[in-house]
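Lettering follows sequence order; numbering is per chain, from 1.
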Amino acid sequence: MWAATGDMPVYQIRTPASSLPQGVVVSPSTNNLHNPQIMAEEVTRKRELRLLKNREAARECRKKKKEYVKCLENRVAVLENQNKTLIEELKALKDLYCHKTD
DNA sequence: ATCAGTCGGCGTCACTAGAG
DNA sequence: CTCTAGTGACGCCGACTGAT
């Protein structure tokens, strides 16, 4: 996940596409080993399932990221307010101290 | 009205980390 | 080692906006 600083992980380097589509695992069951049509259907089914799952995962991931960013923005707002309050408090104390020493 | 630029969301692919 | 979930990167699309 992302660091508390708001950094995103950076570790991905793209390479040219591999020969097989993503998520396709060629492991035919013994029954279908010699039936090319069934094998092809199995490959297609697995690919579609993988795509469906990845689609949902991507949706979830984006939602999570949006919430994370919103959370960071809220934190910024809170800290800015705190900072403002502290600056005013410091100013008031300084004034008080000046008048005391007059 | 239309054209170009920008933005946000989506689907997909490539890749990694972690679980089993 | 293999499988799966999570996520960055990329390309596409539709909505919106300002300039002409």
Identify each atom pair where a protein N or O and an N or O of nucleotides 6-9 of chain B are less than 3.5 Å apart, giving names and distance.
| unit_1 | atom_1 | unit_2 | atom_2 | d |
| --- | --- | --- | --- | --- |
| B:dG9 | OP1 | A:Lys66 | NZ | 2.8 |

The side chain to side chain contact (heavy atoms under 4.5 Å, CB included) partners of A:Glu67 (sequence neighbours excluded) come to A:Lys63
Quick one: the side chain of A:Asn54 and the base of C:dT4, do they pair up donor-acceptor inside 3.5 Å?
no
Look at A:Arg55 and B:dC10 and indicate whether a side-chain polar atom (N or O) is within less than 4.0 Å of OP1 or OP2.
no
A:Asn83 and A:Ile87, any side-chain heavy atoms less than 4.5 Å apart
yes
Which one, C:dG8, B:dC10, B:dA14, comes nearest to the side chain of A:Arg59?
B:dC10
Please determine, for the side chain of A:Lys65, which listed nucleotide (B:dT12, C:dG8, B:dA14) has the closest atom?
C:dG8
Take atom CZ of A:Arg50 and atom P of B:dC13, then tell me their distance rounded to the nearest Å.
10 Å
Straight-line distance of A:Leu49 CG to A:Thr44 OG1, nearest 0.5 Å:
12.5 Å
Please give, in whole Å, the distance from C:dA5 P to A:Lys63 NZ?
17 Å
So NZ of A:Lys84 and CG of A:Leu79: to nearest 0.5 Å the spacing works out to 13.5 Å
Let me confirm one number: the CG-CG distance from A:Asn81 to A:Leu86, rounded to the nearest 0.5 Å.
11.0 Å
Which residues share a side chain to side chain contact (heavy atoms under 4.5 Å, CB included) with A:Leu52, sequence neighbours left out
A:Arg55, A:Glu56
Rounded distance [0.5 Å steps], CZ in A:Arg75 versus CD in A:Gln82:
8.5 Å
If you compare every side-chain N and O of A:Arg47 against the phosphate oxygens of B:dC13 (OP1, OP2), does one of them come in below 4.0 Å?
yes
C:dG6 C1' sits how many Å from A:Tyr68 OH, rounded?
15 Å
note: A:Glu56, atom CD; B:dG11, atom C1'; distance rounded to Å ~ 12 Å
Figure out the CG/P separation between A:Leu52 and C:dA5, and round it to whole Å.
11 Å
Does the side chain of A:Lys53 get closer than 4.0 angstrom to OP1 or OP2 of C:dG6 through an N or O atom?
no
